[in-house]
*Asks:* 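This is the structure, below, for whatever I ask next.
For ligands, and for the atoms within them, numbers begin at 1 and follow the listed sequence. Note that the structure is predicted; figures quoted are calculated from it, not measured.
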Amino acid sequence: MSWSERQRAMLREMGIPAFWPVPPEAPVEEAPMVVSTHEQAPAVRAAMPAELAPVLARPPAALPPAAAPSAKPARPEAKPPVSIAAAASAGMEAILRERPEGIDQMDWATLRQTVAGCTACGLCEGRQQTVFGLGHEQASVMIIGEAPGEQEDRQGEPFVGRAGQLLDRMLSPIRLTRTEAEASSQVFIANVLKCRPPGNRNPLPAEVAQCEPYLMRQIAMVQPRVIIAMGRFAAQSLLKTSEPIGRLRGRLHEVQGTPVVVTYHPAYLLRNPVDKGLVWDDLCRVRELLTQQPA
Ligand code: URA
């Protein structure tokens with residue numbers, strides 16, 4: 001079965017355009033949505049809003065063969081992790097300075113100001129500005145990415161490039177948004193690092209360690225009901241593990257007593273649209289957690 005123009009129009013109306021099935025000749029980020037056969041999927045999908053059911057009912061015949069998780073080993077994301085030793089031998093030793101004290105007691109205004117003036121690692125030298133994060137300060141859902149890229153560094157906001165546009169399209173079907181709304185639907189988006197690593201290189205462990213208290217304070221103040229860790233780097237940093245993302249996703253984790261759902265980074269999805277089905281499973285899990293927990 002393929003989508004009729006009428007069905008497509010309906011999906012567009014629901015704000016689900018490019019994240020969902022589009023003709024095969026579409027550009028990379030608009031490639032067909034794959035409904036995966038992830039083992040948790042049926043139960044999770046049953047909890048989704050009824051109007052999304054037609055989308056989920058797409059028959060298996062439409063699946064490209066590579067989509068079956070059991071037939072496919074977990075695919076690592078593009079950039080390999082940088083160990084402290086490897087970073088040092090590549091001349092990438094982090095420049096560290098003293099970090100401000102009392103971060104865990106700061107209010108929003110003080111935290112913002114402190115991040116804006118932070119010089120705790122060498123990344124401050126190459127940045128145009130810090131990227132603090134954005135969204136509802138009591139958001140039900142907090143999204144955590146890796147670090148600002150070039151555009152984020154220029155604009156001072158997280159996820160504003162192509163990956164950010166895809167992120168918006170991913171959030172829409174589960175009724176989340178980055179634009180102004182009530183706490184139940186507006187997310188708070190933050191990164192592990194508040195400054196752009198030069199050339200978008202991987203963050204160094206020491207840079208992550210210096211920046212970590214800022215993110216921990218943001219989580220403590222937002223007190224989200226669910227955290228979404230986007231990408232291997234955010235997941236590993238947040239959960240303090242070196243397990244590959246393929247093993248971290250599909251399980252529930254916890255940080256500061258808050259459930260953490262791990263999923264692929266939108267930038268990865270732009271390169272590997274075949275995995276959108278797996279991300280859909282993860283997003284359904286988020287929606288399910290929100291439904292289960294009292295507001
Ligand atoms: N990728 C991220 O992880 N964060 C951003 O803010 C932008 C791209």
Side-chain angles (χ1 to χ4, degrees), residues 18-19 28-29 76-82 111-112 115-116 118 121 123-124 126-136 139 141-171 176-179 186-205 207-212 214-216 218-219 222 224 226-239 241 244-245 248-249 255 260-273 275-276 278-279 282-283 286:
F19 195 60
V28 170
E29 68 273 28
E77 291 188 80
K79 295 187 281 184
V82 177
L111 188 68
R112 271 175 204 283
V115 166
C118 183
C121 79
L123 295 182
C124 67
R127 75 182 178 217
Q128 293 202 32
Q129 59 192 308
T130 54
V131 178
F132 179 78
L134 184 78
H136 203 295
V141 176
M142 189 162 172
I143 292 173
I144 300 179
E146 176 175 331
E150 189 181 0
Q151 292 187 59
E152 289 79 17
D153 178 57
R154 208 179 306 129
Q155 296 185 38
E157 281 188 18
F159 282 100
V160 291
R162 280 177 76 226
Q165 289 160 19
L166 179 57
L167 173 61
D168 291 343
R169 295 202 298 271
M170 289 158 60
L171 294 179
L176 295 175
T177 174
R178 79 162 77 201
T179 52
Q186 188 187 2
V187 297
F188 190 94
I189 308 177
N191 282 312
V192 171
L193 289 190
K194 310 302 184 211
C195 296
R196 180 191 181 204
N200 296 343
R201 68 154 165 78
N202 269 341
L204 302 178
E207 292 162 349
V208 173
Q210 287 293 77
C211 220
E212 188 182 37
Y214 297 133
L215 180 61
M216 289 302 122
Q218 287 177 312
I219 296 173
V222 174
V226 181
I227 294 172
I228 307 176
M230 296 225 133
R232 174 184 63 79
F233 190 84
Q236 290 181 345
S237 306
L238 205 57
L239 303 173
T241 176
I245 188 163
L248 292 172
R249 59 165 299 282
V255 166
V260 177
V261 172
V262 171
T263 196
Y264 289 112
H265 195 285
Y268 167 85
L269 280 188
L270 288 171
R271 299 188 303 270
N272 303 277
D275 280 339
K276 282 182 180 176
L278 299 177
V279 173
D282 301 331
L283 295 175
V286 170

*Asks:* Can you tell me how far the OG1 atom of T263 sits from the CG atom of L248, to the nearest 0.5 Å?
*Replies:*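 Answer for the OG1-CG pair, T263 versus L248, is 11.5 Å.
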*Asks:* Is there a polar contact, in the sense of an N or O pair closer than 3.5 Å, between A147 and ligand 1?
*Replies:*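 It does: an N or O of A147 is found under 3.5 Å from an N or O of ligand 1.
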*Asks:* Counting only nitrogen or oxygen atoms and a 3.5 angstrom limit, does P158 reach ligand 1?
*Replies:*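 No; the residue has no nitrogen or oxygen that sits under 3.5 Å from a nitrogen or oxygen of the ligand.
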*Asks:* Considering the heavy atoms of G145, write down every atom of ligand 1 situated less than 4.0 Å from one of them.
*Replies:*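 Within the 4.0 Å cut-off of G145, ligand 1 contributes 3 (O).
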*Asks:* Do any heavy atoms of H265 fall under 4.0 Å from ligand 1?
*Replies:*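 True for this residue.
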*Asks:* Under the criterion side chain to side chain contact (heavy atoms under 4.5 Å, CB included), I'd like the reasoning laid out for E146 against N202: C-alpha separation, chi angles, the key distance, then a yes or no.
*Replies:* CA-CA 9 Å; E146 176 175 331; N202 269 341; 3.8 Å; yes
*Asks:* Between I144 and I219, is a side chain to side chain contact (heavy atoms under 4.5 Å, CB included) present by the stated rule, with each step listed?
*Replies:* CA-CA 10 Å; I144 300 179; I219 296 173; 3.9 Å; yes
*Asks:* Is any side-chain heavy atom of Q218 less than 4.5 Å from a side-chain heavy atom of F132?
*Replies:*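 Side chain of Q218 against side chain of F132, heavy atoms only: contact under 4.5 Å found.
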*Asks:* With backbone taken as N, CA, C and O and side chain as the heavy atoms from C-beta onward, which portion of E146 lies under 4.0 Å from ligand 1: side chain, backbone, both, or neither?
*Replies:*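 It is both backbone and side chain that touch ligand 1.
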*Asks:* Could you check atom 4 (N) of ligand 1 against the protein and tell me its nearest heavy-atom contact, residue, atom and distance included?
*Replies:*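 Looking at atom 4 (N) of ligand 1, the protein heavy atom closest to it is N191 OD1, 2.8 Å.
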*Asks:* Decide yes or no for L167 and M230: does some side-chain heavy atom of the first lie under 4.5 Å from some side-chain heavy atom of the second?
*Replies:*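 The answer is yes, as the side chains (C-beta and beyond) meet within the 4.5 Å cut-off.
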